[in-house]
Structures are given as structure tokens and as C-alpha cells.
Amino acid sequence: LWWAGVDLAVDLARGCDPNRPVRIEWRCDDQADDIPWELVSPSAEPLGWFSDPPVTVVRSVPPGPHAAGQHARARGPLARSNMLVIRGGQDELRSSDTAYARTQRRTRGSNVSLPRPMVIDVSDDLALALPDQVDILQLWAHCEPTRVRFSDRAVFETTALADKLARCAPRLAILVGCRSGALGRALVERGIEAAVAMRVEVYSQTIQPLVADLVSLVLEGQPVDLAFAEALRSYVLTGQPGAVAVPLLYLAEGSSGTLFPRPSTPPSRAFPPSQGEQQ
């Protein structure tokens with residue numbers, strides 16, 4: 001594809017600015033979940049995630065018939081964010097705790113207000129009680145194209161679980177589970193703006209750097225595809241063979257990718273908020 005003219009299209013997209021990032025949007029359907037587009041040969045390196053300026057690839061998902069509620073990209077900057085973590089009870093799924101600790105270290109000294117996580121452990125209960133509104137969703141489970149398993153008792157059909165999760169209307173969903181692409185695509189079809197899923201097997205221990213960097217960068221106002229590209233660098237450094245081809249980024253069709261816009265005038269930390277701001 002690169003030799004067939006994609007390189008010329010990228011140059012054309014940059015125009016007179018050679019440092020302009022370029023996003024390639026691949027119209028996504030259920031046949032695209034298993035294609036490792038991000039794994040490219042050295043001869044096609046400019047198409048990969050690590051070129052500078054970056055060329056990013058997203059799976060562009062049009063809204064489906066189940067999309068409901070106001071789209072996330074219509075919301076403005078947030079004073080505070082919250083994060084929902086849903087996980088199973090197995091020890092390997094408790095790596096979400098370590099991922100959050102990594103994110104805390106990653107954001108130390110920055111102006112990012114890290115959301116405090118709400119954790120739902122569904123290892124022993126088939127019921128899934130969810131809050132009305134979250135900004136970031138993390139799901140740690142064993143996934144297959146047709147079902148999601150938190151434990152032997154807590155098993156959900158993929159589309160049914162997507163219906164439940166979409167009611168929380170998060171701006172970003174991160175799905176740490178093998179073969180979770182079908183769930184990621186289903187969430188974007190239902191109105192969630194961006195979802196990161198896993199194409200094949202993934203180790204919850206090694207994915208922690210990607211989760212930590214991605215959450216930190218999008219909260220800083222980085223467009224999600226650029227944040228994803230930078231987070232992939234940390235993930236590949238874990239030494240997993242072909243690691244760059246495991247995570248997938250699904251983005252709502254027409255989205256700018258900026259999930260958490262920066263406020264136009266950030267509040268100063270030196271003074272308390274005014275009465276109007278408190279209200």
C-alpha cells in the first residue's frame with residue numbers, strides 16, 4: 001500500500017507543513033478486528049507509529065443503530081474526571097491496580113488531575129451495577145469475539161455487555177482482554193468516542209505502561225491517536241514480540257480525537273476559586 005501511493009497521499013495531506021501529523025482512517029467492520037495493520041516492515045517504516053512526524057492509523061467506526069445519548073465529543077472541558085475500572089477477581093486481572101499506580105507516577109508534577117478510580121469486581125456476581133456517568137472506562141477481563149468472562153460465573157455476551165457499558169457514556173474505553181476488538185468496536189458503534197482493545201493475546205503485566213501513558217496523555221489534551229502512538233512506544237519497550245500489533249484503536253467516525261479538551265484559561269493553583277467558580 002505504501003509503494004502504491006499512500007506515501008504520496010501522506011505528503012499531500014501535510015501540505016506545506018512537513019511536521020504536520022497525519023491520521024489514516026480505515027473504515028472498520030467486523031472483518032477488521034484481526035488485521036494487524038500497525039505491524040509494518042522496515043521498508044514501510046514511515047507508515048508506522050514511530051515515524052516523526054507521526055502517521056497514525058485508526059479504525060474509523062460509524063455510529064450503529066444502537067447509538068444513544070449525546071456523543072462524547074460534544075462535551076467540553078472537564079473540571080474533574082472520573083474513571084471506572086471493571087475487572088475479574090483472578091490475580092492476573094488485578095494488574096489494574098498496578099496500572100493505576102504507574103499512571104500516578106506518570107502524572108506526578110504535571111497539571112493533570114488524575115481521576116480517582118471506582119472499581120467494580122464482578123468475579124462472584126453476574127449483576128453489573130454501573131454508575132450513570134464516567135469519563136474513562138477500563139475493563140480487565142478474558143475476552144472473546146462473542147463473550148466476555150470475568151470469572152466462571154460472571155460471563156456476558158459481547159453485545160449485551162456493550163449495551164450496558166455504553167449507558168455510562170465514557171469518552172474513552174480501554175479493554176485489557178485478549179481478542180477484545182469486537183467489544184471495542186461495539187462500544188464505539190453505541191456512541192463511545194474512542195476505544196482501545198486487544199487484537200490477540202495480551203499479558204496484563206506488560207500492558208500496564210500503555211494504559212498508564214494513554215490515560216495520562218489524553219487527560220493532558222493530546223488527541224487520542226497521537227497519545228496512542230506515544231503509549232505504544234512504552235509498550236514495545238517491554239520486549240514482547242510483535243507487541244505493536246496487539247492494541248487496536250477504534251475512533252468514532254468524524255471525531256477530532258481530542259477527548260479531553262484543555263480549558264481555554266486553566267485555573268491558577270496559587271489562589272482559591274472564586275465564589276462563582278465554586279458554584
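Hydrogens, waters and symmetry mates are skipped; everything else that's a heavy atom, side chains included, is used.
Between L175 and L187, some side-chain heavy-atom pair lies under the 4.5 Å cut-off. Between L84 and P170 there is no side-chain heavy-atom pair separated by less than 4.5 Å. A 4.5 Å side-chain heavy-atom check between F260 and I136 finds at least one atom pair inside the cut-off.
Across V155 and R147, no two heavy atoms sit closer than the pair CG1-CD, 3.9 Å.
With hydrogens and angles ignored, the 3.5 Å screen pairs a side-chain donor or acceptor of R14 with a backbone N or O of R20. S255 places no side-chain N or O within 3.5 Å of a backbone atom of L251 that could act as its donor or acceptor partner. Distance alone, capped at 3.5 Å, places no donor-acceptor pair between the S151 side chain and the G88 backbone.
In this structure, D17 places its CG atom where more than 12 heavy-atom neighbours from other residues, nucleotides or ligands lie under 6.0 Å away.
The side chain to side chain donor-acceptor pair (under 3.5 Å) test applied to Q138 returns W140, not counting sequence neighbours. For T159, the side chain to side chain donor-acceptor pair (under 3.5 Å) partners at least two apart in sequence or on another chain are E157.
In terms of hydrophobic clustering, with Ile, Leu, Val, Met, Phe, Trp and Tyr side chains grouped at heavy-atom distances under 4.5 Å, L217 and L210 are assigned to different clusters. L259 and L226 fall into different hydrophobic clusters, where Ile, Leu, Val, Met, Phe, Trp and Tyr residues are linked whenever their side-chain heavy atoms come under 4.5 Å apart, directly or through other members.
Here the CZ atom belonging to F156 is positioned 13.0 Å from the CZ atom belonging to R149, to the nearest 0.5 angstrom. The line from CE of M83 to CG of L219 is 8.0 Å long, rounded to the nearest 0.5 Å. The distance from the CG atom of L248 to the CZ atom of F228 is 7.0 Å, given to the nearest 0.5 Å. Rounded to the nearest 0.5 angstrom, L183 CG and L165 CG are separated by 6.5 Å. For the atom pair S60 OG and R23 CZ, the distance stands at 8.5 Å (nearest 0.5 Å). For the atom pair OG1 of T158 and CZ of R185, the computed distance is 9.5 Å after rounding to the nearest 0.5 Å.
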For this session: Let me see the working for Y235 and I207 under side-chain contact (heavy atoms from CB on, under 4.5 Å), right down to the final yes or no.
Result: CA-CA 6 Å; Y235 181 44; I207 201 67; 3.6 Å; yes

For this session: Decide yes or no on side-chain contact (heavy atoms from CB on, under 4.5 Å) for I24 and V58, but give the supporting numbers first.
Result: CA-CA 6 Å; I24 297 176; V58 305; over 6 Å; no

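Under a 4.0 Å N-O distance rule, the pair R27/E25 does not qualify as a salt bridge.
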